[in-house]
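For reference, the structure discussed in these notes is given below.
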Amino acid sequence: MRTSLLRSMESVRRSGSGSVPGQLLRRSFVFSASTPQRKVAILGAAGGIGQPLSLLMKLNPLVTHLSLYDIAGTPGVAADVSHINTPAEVKGFATEEQLGQALEGADIVIIPAGVPRKPGMTRDDLFNINAGIVKSLCTAIAKYCPHAIVNMISNPVNSTVPIASEVFKKAGTYDEKKLFGVTTLDVVRAKTFYAAKAKVPVAEVNVPVVGGHAGITILPLFSQATPATNALGDEDIKALTKRTQDGGTEVVEAKAGKGSATLSMAYAGAVFADACLKGLNGVPDIVECSFVQSTVTELPFFASKVRLGKNGVEEVLGLGSLSEFEKAGLESLKPELKSSIEKGIKFAQEN
Ligand SMILES: NC(=O)C1=CN([C@@H]2O[C@H](COP(=O)(O)OP(=O)(O)OC[C@H]3O[C@@H](n4cnc5c(N)ncnc54)[C@H](O)[C@@H]3O)[C@@H](O)[C@H]2O)C=CC1
Ligand SMILES: O=C([O-])CC(=O)C(=O)O
């Protein structure tokens, strides 16, 4: 699940020779000779998430064109990132008039545009501002790159993904295989917290996280965590679950009014976009958790493991066997997730 970049850096470290940028560049040229042209557009590229995400996508050897769009501050970010000596060609787009150009030909559109939380707020408190932003950006996606894969980061993800689906339906461009709510940060956190508690190497850890992306709708399945351990009791699992569910709030409180997770989110967004790129390029067995249209439960959207392929979602995987604690968590998340989904759909239908 690690990015090509991280793998490249690791192999450089292991070989103990050569500068990291030099190695990456040589690798990138090898990649670009055998892999397709891929344009990635980031909407909200000058923000707290957007900037480090732009950096990480510039370092991704699968990206040939990187399109950075924001309503404020894009030229500086684009100029800065464009000086990095990797092959992706960077272009910045700063006004709404340029949004079409930013999107045209995009294979993947990543959306971290919108306001973040402050202490005391829930993700749903962002709905009033972010719903409109997401709606207008998705309207442009439907017009300028209707076949692109969309990675939705803007919160509340439990509502913004349904909003996007309705906008695309209205435009006649909806393809449920191409719309993803990015829940990778929940997986990243679950892995980190589990590894520390179970005292296993974090690089080997995998933990599926299902449900949605807010509070109790985030359901980590520690009973399926690998490497398995019997060192953790019920209380440990409860505490790990709660910490994963509250991970975003932990960062919001630590930042004390200066926003929410940006660096870990940029990492998670880059991991997920890299997985989408690999899927598009035909790499087999690319599986990530994501909030997608789903029949895994009775809810129309649900996060679970998804196999990625040339057309986006190749297969939405089932939940596997759950512990009694997870079964109870699944039942108690459903009402909140249902109402967040319905809120998004209603907004898009009425506006
Ligand atoms: N899915 C997830 O796991 C996570 C989601 N988030 C969400 O990501 C969003 C962004 O967070 P940050 O980057 O920290 O916020 P930020 O405020 O630092 O950056 C947001 C950027 O969006 C831009 N923007 C606003 N309206 C726009 C529009 N119409 N078109 C293009 N750009 C526009 C702003 O100019 C700004 O540069 C928030 O909604 C936050 O809650 C944050 C962390 C994790
Ligand atoms: O908590 C927030 O507002 C941002 C977010 O979604 C996360 O960090 O998981």
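We count ligands from 1, going down the list as the structure has it; atoms in each ligand are counted the same way.
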Less than 4.0 Å between a side-chain N and a carboxylate O, is that true for Lys334 and Glu298? yes
| field | Distance-only donor-acceptor check, side chains Asn158 and Thr217, under 3.5 Å | value | yes
Within the heavy-atom cut-off of under 4.0 Å, ligand 1 is lined by Gly44, Ala46, Gly47, Gly48, Ile49, Tyr69, Asp70, Ile71, Pro112, Ala113, Gly114, Val115, Pro116, Leu126, Asn130, Ile133, Leu137, Ile153, Ser154, Asn155, Val157, Val182, Leu185, His213, Ser260, Ala261, Thr262, Met265
Open item on the list: Using a strict threshold of under 4.0 Å (side-chain N to carboxylate O), is an ion pair present between Lys346 and Glu342?
Closed with: no
Does either side chain, that of Arg38 or that of Asn281, offer a donor lying less than 3.5 Å from an acceptor on the other one? yes
- Item | Between Ser223 and Glu326, a side-chain donor and acceptor under 3.5 Å | yes
Item to check | Same apolar cluster (I L V M F W Y, side chains within < 4.5 Å links), Ile110/Leu280 | outcome: yes
Would you indicate whether the side-chain heavy atoms of Val109 and Cys145 approach each other to under 4.5 Å? yes
- Quick one: do Lys278 and Asp274 make a salt bridge, cutoff under 4.0 Å? yes
Only residue of Phe291, Phe301, Phe272 satisfying ring pair (Phe, Tyr, Trp, His ring centres under 6.0 Å) with Phe180 is Phe272
Heavy-atom contacts under 4.0 Å to ligand 2, chain-then-number order, include exactly Arg117, Arg123, Asn155, Leu185, Arg189, His213, Gly248, Ser260, Ala261
